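If you're wondering where the values come from, they're calculated on a predicted model, not measured in any experiment. If you read the sequence from its start, that first residue is 1, and numbering goes on from there.
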Amino acid sequence: MGLGDKISNKAQEVTGAAKEKLGDATDNERLQAEGLKDQAAAKAKQAGEHVKDAAKDITDQ
């Protein structure tokens, strides 16, 4: 996984967490849900990148 991808995924995760907390604080269910969705998407991307990295490590040996 490239550094740019790692930064982008982490930024999406952090943004999602902020949206979720803001939604909690303001009782805005739509914002809470959007934050959870953003976090889940970022984590799914990170998992996919980890699989690609592991496969690359295996084939490089």
Side-chain angles (χ1 to χ4, degrees):
M1 170 170 24
L3 181 60
D5 290 334
K6 287 181 182 179
I7 292 170
S8 175
N9 293 340
K10 193 60 167 176
Q12 183 179 13
E13 186 178 350
V14 170
T15 300
K19 285 181 183 179
E20 181 187 4
K21 288 180 194 235
L22 183 59
D24 285 340
T26 61
D27 290 327
N28 184 331
E29 291 179 6
R30 182 194 59 79
L31 194 56
Q32 287 173 317
E34 189 176 320
L36 288 170
K37 180 188 74 137
D38 288 349
Q39 290 176 73
K43 289 178 183 178
K45 288 179 191 175
Q46 290 169 355
E49 292 295 332
H50 288 303
V51 169
K52 283 196 265 183
D53 287 346
K56 184 177 182 221
D57 289 344
I58 290 170
T59 58
D60 285 346
Q61 292 180 0

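- Legend: residues meeting side-chain hydrogen bond (donor to acceptor under 3.5 Å, both in side chains) with N28, ordered by chain and number and at least two apart, are absent.
- The salt bridge (Lys or Arg N to Asp or Glu O under 4.0 Å) test applied to K52 returns E49, not counting sequence neighbours.
- Scored by the side-chain contact (heavy atoms from CB on, under 4.5 Å) test, K21 finds no partners at all (sequence neighbours excluded).
- With sequence neighbours excluded, the residues that form a side-chain hydrogen bond (donor to acceptor under 3.5 Å, both in side chains) with E34 are K19, R30.
- Take K37 and apply the side-chain hydrogen bond (donor to acceptor under 3.5 Å, both in side chains) test, not counting sequence neighbours, and it matches no residue.
- When hydrophobic residues (I, L, V, M, F, W, Y) are linked wherever their side-chain heavy atoms come within less than 4.5 Å, V14 remains an isolated member.
- Rounding to the nearest 0.5 Å places CG of D57 at 6.5 Å from CG of D53.
- Here the CG atom belonging to D5 is positioned 6.0 Å from the CG atom belonging to N9, to the nearest 0.5 angstrom.
- If you run side-chain contact (heavy atoms from CB on, under 4.5 Å) between Q12 and each of K43, Q39, K45, Q46, only K45 comes through.
- In this structure a side-chain-to-backbone donor-acceptor pair under 3.5 Å is present from T59 to A55.
- Side-chain contacts under 4.5 Å among hydrophobic residues (ILVMFWY), followed directly or transitively, place L36 with no other residue at all.
- When the side-chain contact (heavy atoms from CB on, under 4.5 Å) test is applied to Q32, the partners found at least two apart in sequence or on another chain are D24, E29.
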